[in-house]
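Taking it in order: structure first as structure tokens, then the write-up.
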Amino acid sequence: MLFLAGFGLTFTPHGAIRPSSDIATYKPAQGDNTPSDWTAYGRTTAGVRYSAFDQINRENVSKLDLAWSYRTGRGDGIDQNTPLQIGDTVYSCTPTDVITALDADTGEPRWTFDPKAKAPFWQRCRGLGYYKVSQGTRSADGLCDERLVQTTIDARILEIDARTGEVCKDFGENGAVQLSQGMGEVKAGYYFQTSAPLIARNLIVVGGWVIDNQEVGEPSGVIRAFDVITGELEWAWDLGNPAITKLPPPGETYTRGTPNMWTTAAFDDKLGLIYAPLGNTTPDYYGADRPAFSDEYNATLVALDVTTGRERWKFQTVHHDIWDYDLPAQPALIDVPDGDGGTVPAVFQTTKRGQLFLLNRETGVPLAPVEEKPVPQTSGAPEEKLSPTQPYSVGMPTIGAEHLTESKAWGLTMFDQLACRIAFRKLRYEGDFTPIGLHIRDPATGKSRRLQLGRRIGRCAQQQGLHERHPRAQCLRPCSAKGLSRICQEGAYRRDRTRSHPPRRVHPTVWPPKCGPRCSASPARNRRSVQ
């Protein structure tokens with residue numbers, strides 16, 4: 001009987017967060033079912049992902065039936081695509097960048113375009129760009145008056161006609177721009193694009209994905225803007241060498257190892273500002289050898305002038321990031337009340353830490369209080385210089401950032417829960433900034449490996465959007481990762497020889513490389529971070 005009672009409790013929600021009683025009951029927002037298009041990754045370049053349609057609502061959503069389905073036949077990679085919808089056509093892409101135009105009412109394919117793109121791993125196509133040529137410059141035959149802009153997993157920008165799927169041959173060289181130009185050596189799989197490009201006025205703005213934790217000096221995180229019609233490079237922002245404004249001088253490259261923008265930027269046309277969320281200099285979990293510019297821009301939101309690409313302001317969400325807390329989501333541009341009957345233009349940025357930052361998008365100054373709080377300073381790698389404080393957005397809610405305790409361990413049975421608590425007690429954990437150190441046992445505590453919350457995929461990764469009831473309430477995809485982290489001496493670092501190099505991820509939070517049984521002190525150049 002006791003076992004049955006315990007088993008029944010496993011299906012009872014624990015620690016559920018519910019609205020307080022002083023919050024008004026649900027009231028549907030004023031709907032607007034006027035037909036409109038989804039022309040960008042976040043519906044518009046503001047990235048709010050909000051639609052006022054209320055024809056489908058909470059009263060009838062349970063009665064929906066499947067209208068149609070379409071099988072892409074995709075092979076490698078993971079489908080993370082957000083389709084575009086222009087008129088009565090839906091545009092979707094597979095992880096290997098095959099684009100299909102579908103009839104929105106029937107799901108029947110109208111055309112398919114295969115760019116023959118290949119990457120050894122991490123195949124993704126998160127979305128496409130769309131551009132409509134102005135009335136006075138359209139072609140006689142209408143070809144490429146409406147264009148789809150695609151970035152590929154082999155580092156190209158392509159443009160095709162949205163109506164027919166034909167290549168726009170006036171763009172770049174026969175419809176393509178090579179993003180490897182100016183980058184120097186790019187090993188297979190070390191640099192390419194996985195996220196949707198930003199279309200800002202007449203520009204295509206792109207960053208790039210780089211493989212994590214393989215070596216120092218990986219390809220540059222340069223952000224570039226290309227003319228949407230010709231493909232000509234209009235500007236480049238190389239944070240390691242701001243003097244480079246287009247292509248590097250002959251014999252040089254964009255600065256290698258700079259923090260990159262692997263997700264999609266947002267754009268405010270009125271202010272003429274692009275909002276670029278940046279990642280980290282590799283390796284992600286060891287920062288003793290990073291150049292000075294890295295600590296200025298890791299995990300930082302940067303506002304760039306759309307016409308010149310020059311920096312206007314920046315706001316850092318993590319100092320000296322050795323936890324892979326890079327910014328993972330397109331920011332949302334919203335207007336918030338100023339208290340005097342007007343509004344203030346704001347930019348809302350989610351993070352892997354579950355911290356939500358609300359900034360004035362003209363200046364980058366926080367609109368909700370941000371405090372620098374002390375964080376742990378011991379047991380990191382001997383050469384590491386940890387930041388004494390980290391920024392916390394105390395004026396905003398947090399998502400899943402509460403301190404973990406063993407009492408919160410969950411198990412299907414009491415025995416599973418006990419095993420989890422025992423495992424927790426063996427780990428060193430001091431919150432979301434527990435330093436990652438060497439894989440050696442602490443003589444004071446007897447603990448070695450560190451428990452880290454929210455790392456890699458994070459709590460608010462890739463997508464954020466506005467709630468349909470409250471125009472300023474964020475609707476976030478629940479996403480949380482826990483993992484074990486440590487730094488190994490290079491001599492104790494080994495690979496599973498049955499896997500390809502670079503290693504393919506077998507889980508969002510686990511790399512195949514493993515540490516040997518012991519690690520000891522070694523020069524900084526011999527450190528590698530693994531999980």
Side-chain angles (χ1 to χ4, degrees), residues 35-45 49 51 53 56 64-119 121-133 141-172 174-177 179 192-199 204 206 209 228 231 263-264 330 462-463 465:
S36 63
D37 296 334
W38 192 288
T39 60
Y41 175 69
R43 187 170 183 264
T44 69
T45 59
R49 312 179 75 87
S51 173
F53 300 147
I56 298 172
L64 293 179
D65 289 326
L66 178 66
W68 54 261
S69 62
Y70 173 76
R71 295 189 178 276
T72 65
R74 68 170 180 83
D76 296 331
I78 297 177
D79 188 358
Q80 297 178 341
N81 168 56
T82 296
L84 301 183
Q85 173 260 314
I86 314 295
D88 63 353
T89 305
V90 172
Y91 300 97
S92 177
C93 59
T94 71
T96 53
D97 294 321
V98 177
I99 301 175
T100 302
L102 302 172
D103 185 294
D105 294 318
T106 67
E108 290 297 317
R110 290 176 169 165
W111 53 258
T112 298
F113 173 77
D114 187 352
K116 308 297 183 183
K118 293 183 179 180
F121 46 84
W122 209 250
Q123 299 89 349
R124 304 285 192 281
C125 178
R126 296 191 175 106
L128 303 166
Y130 170 79
Y131 181 76
K132 188 173 184 178
V133 177
D141 59 3
L143 186 65
C144 292
D145 285 348
E146 295 184 64
R147 303 178 177 219
L148 296 180
V149 183
Q150 177 182 37
T151 52
T152 66
I153 54 175
D154 54 7
R156 292 178 289 162
I157 303 178
L158 307 177
E159 283 196 1
I160 59 176
D161 179 66
R163 182 171 52 87
T164 65
E166 295 183 44
V167 171
C168 298
K169 295 188 176 181
D170 60 343
F171 177 79
N174 293 317
V177 168
L179 291 172
F192 51 86
Q193 283 62 41
T194 59
S195 295
L198 170 72
I199 310 301
I204 305 167
V206 295
W209 179 90
V228 74
T263 186
T264 300
Q330 181 185 35
Q462 295 180 14
Q463 295 181 4

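FYI, the numbering just counts along the sequence from 1.
Atom OH of residue Y41 and atom CZ of residue R49 lie 5.0 Å apart, to the nearest 0.5 angstrom. Within the model, atoms OG1 of T96 and NZ of K118 stand 10.5 Å from one another, a figure rounded to the nearest 0.5 Å. One finds the CG atom of D161 at 4.5 Å from the CG atom of L143 (value rounded to the nearest 0.5 Å). To the nearest 0.5 Å, the span separating OG1 on T44 from CD1 on I199 amounts to 13.5 Å. To the nearest 0.5 Å, atom OH of residue Y91 and atom CG of residue L102 are 10.0 Å apart. E166 contributes atom CD, which lies 7.5 Å from atom SG of C144 (distance to the nearest 0.5 angstrom).
Looking at heavy atoms from C-beta onward, I157 lies in side-chain contact with L179 at the 4.5 angstrom threshold. Taking the side chain as every heavy atom from C-beta outward, W209 and R124 never approach each other to under 4.5 Å. Taking the side chain as every heavy atom from C-beta outward, T100 and T72 never approach each other to under 4.5 Å. Between F113 and L158, the closest side-chain pair of non-hydrogen atoms falls below 4.5 Å.
Minimum heavy-atom separation, I160 to C168: C-SG, 3.6 Å. Summarising the geometry of F192 relative to T194, their closest heavy-atom pair is CE1-CG2, 3.6 Å, with the distance given to 0.1 Å. Nearest heavy atoms, V177 versus G231: CG2-O, 3.6 Å. In terms of heavy atoms, S92 sits closest to N81 at OG-ND2, 2.9 Å. Shown here for P95 and D79, the closest heavy-atom pair between the two residues is CG-N, 3.8 Å. The shortest heavy-atom contact between G127 and P197 is O-CD, 4.1 Å.
A distance-only check finds no donor-acceptor pair linking the side chain of D114 to the backbone of V98 [under 3.5 Å]. Between the side chain of R110 and the backbone N or O of T164 there is no donor-acceptor pair closer than 3.5 Å. The main-chain N or O of S195 is found under 3.5 Å from a side-chain atom of T151 such that the two form a donor-acceptor pair. Not a single donor-acceptor pair under 3.5 Å links the side chain of E146 to the backbone N or O of L148. No donor-acceptor pair closer than 3.5 Å links the side chain of D97 to the backbone N or O of Q150. Judged by distance alone, with hydrogens and angles left aside, the side-chain atoms of W111 form no donor-acceptor pair with the main-chain N or O of I99 at under 3.5 Å. With hydrogens and angles ignored, the 3.5 Å screen pairs a side-chain donor or acceptor of T264 with a backbone N or O of A196. Not one N or O on the side chain of D37 forms a donor-acceptor pair closer than 3.5 Å with the backbone of T39.
Here D76 pairs with nothing under the salt bridge (Lys or Arg N to Asp or Glu O under 4.0 Å) rule; sequence neighbours left out. For A40, there are no side chain to side chain contact (heavy atoms under 4.5 Å, CB included) partners two or more places apart in sequence or in a different chain. The salt bridge (Lys or Arg N to Asp or Glu O under 4.0 Å) test applied to R156 returns D154, not counting sequence neighbours.
S36 and R43 share a side-chain donor-acceptor pair at under 3.5 Å.
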Please test E159 against I204 for side chain to side chain contact (heavy atoms under 4.5 Å, CB included), starting from the C-alpha separation and ending with a verdict. CA-CA 11 Å; E159 283 196 1; I204 305 167; 3.4 Å; yes
